[in-house]
K.L.:
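One structure coming up, written as structure tokens, with questions to follow.
Hydrogens, waters and symmetry mates are skipped; everything else that's a heavy atom, side chains included, is used.
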Amino acid sequence: MADRSAPSVETEQDSSTLGAIVTDDKIPAEDIIRRGFLIIETAETLLNTFKIKMTPHFPFVVVAPSTSITQLHQENPFLSLAIFASAAYDNMPLKRALGEEIKKCVASRMLINGEVSFELLQGLLVFLAW
């Protein structure tokens with residue numbers, strides 16, 4: 001059964017953005033790569049865009065040049081989601097879809113679970129700035 005909350009937008013980068021959306025309750029909401037929103041190559045491109053083009057203008061959240069997509073995604077899944085959404089400025093359907101995922105994560109983690117963490121703060125700063 002298809003996830004009704006998942007975007008159904010056709011884009012030029014359809015094969016690299018919104019494939020078959022996985023709806024497995026065991027996969028965290030922030031793990032948009034395993035859920036099918038992004039493929040790893042697109043995620044790497046977005047992370048590089050953030051590191052090269054966006055970090056000089058936004059020094060509050062710095063991702064080390066040596067940080068890999070896997071490392072960032074495993075250690076800071078919400079921050080990586082915010083980075084992907086922010087760096088997807090040239091693909092508005094993807095940016096909107098990732099923005100919706102961010103809202104769901106914030107609602108779940110902060111409002112429902114009452115979680116407060118440095119990663120959530122960093123992710124919100126990144127997302128709100130861009």
K.L.:
Start with the C-alpha distance between Leu47 and Ile83, add both sets of side-chain angles, then the distance that settles side-chain contact (heavy atoms from CB on, under 4.5 Å), and finish with yes or no.
P.N.:
CA-CA 7 Å; Leu47 179 60; Ile83 287 172; 4.1 Å; yes

K.L.:
Which value, rounded to the nearest 0.5 Å, describes the distance between Ile33 atom CD1 and Thr42 atom OG1?
P.N.:
9.5 Å

K.L.:
Taking only residues at least two apart or on different chains, which pairs with a member in residues 67-85 satisfy salt bridge (Lys or Arg N to Asp or Glu O under 4.0 Å)?
P.N.:
none

K.L.:
Atom CD of Glu41 and atom CD1 of Ile69: how far apart are they, to the nearest 0.5 Å?
P.N.:
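With rounding to 0.5 Å, CD (Glu41) is 11.0 Å from CD1 (Ile69).
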
K.L.:
Looking only at heavy atoms, what is the nearest atom pair of Ala82 and Gly123, with distance?
P.N.:
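Ala82 and Gly123 have their closest heavy atoms at CB-O, 3.2 Å.
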
K.L.:
Can you tell me which residue pairs pass the salt bridge (Lys or Arg N to Asp or Glu O under 4.0 Å) test with a partner in residues 62-73, sequence neighbours excluded?
P.N.:
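Every candidate salt bridge (Lys or Arg N to Asp or Glu O under 4.0 Å) pair involving residues 62-73 fails, so no pair, neighbours aside, qualifies.
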
K.L.:
Hey, what do you get for CG (Leu79) to CZ (Phe118), rounding to the nearest 0.5 Å?
P.N.:
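Here the interatomic distance stands at 9.0 Å.
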
K.L.:
Which residue pairs pass the ring-ring contact (aromatic ring centres under 6.0 Å, His included) test when at least one of the two sits in residues 62-108, sequence neighbours left out?
P.N.:
none

K.L.:
Side-chain contact, heavy-atom cut-off 4.5 Å: Leu125 with Leu121?
P.N.:
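Yes, their side chains come closer than 4.5 Å.
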
K.L.:
Hey, quick one: are Ile40 and Leu98 part of the same hydrophobic cluster, counting side-chain heavy atoms closer than 4.5 Å, chains of contacts allowed?
P.N.:
yes

K.L.:
Can you tell me how far apart CG (Leu124) and CD1 (Ile102) are? Round to the nearest 0.5 Å.
P.N.:
8.0 Å

K.L.:
Can you tell me how far apart CG (Asn76) and CD (Gln71) are? Round to the nearest 0.5 Å.
P.N.:
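If I round to the nearest 0.5 Å, the distance is 9.0 Å.
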
K.L.:
Please check this pair: side chain of Ser108 against backbone of Lys104, looking for a donor-acceptor N/O pair closer than 3.5 Å.
P.N.:
no

K.L.:
Can you list every pair that meets side-chain hydrogen bond (donor to acceptor under 3.5 Å, both in side chains) and has a residue in residues 109-130, with sequence neighbours left out?
P.N.:
Glu30-Arg109, Arg109-Glu115, Arg109-Glu119

K.L.:
Less than 3.5 Å apart, which donor and acceptor atoms pair up between the side chains of residues 51-66 and the rest of the protein, not counting sequence neighbours?
P.N.:
residue : atom : partner : partner atom : Å
Lys51   : NZ   : Pro65   : O            : 3.2
Lys51   : NZ   : Thr67   : O            : 2.6
Thr55   : OG1  : Phe50   : O            : 3.0

K.L.:
With no hydrogens and no angle check, is any side-chain donor or acceptor of Lys95 less than 3.5 Å from a backbone partner on Ala85?
P.N.:
yes

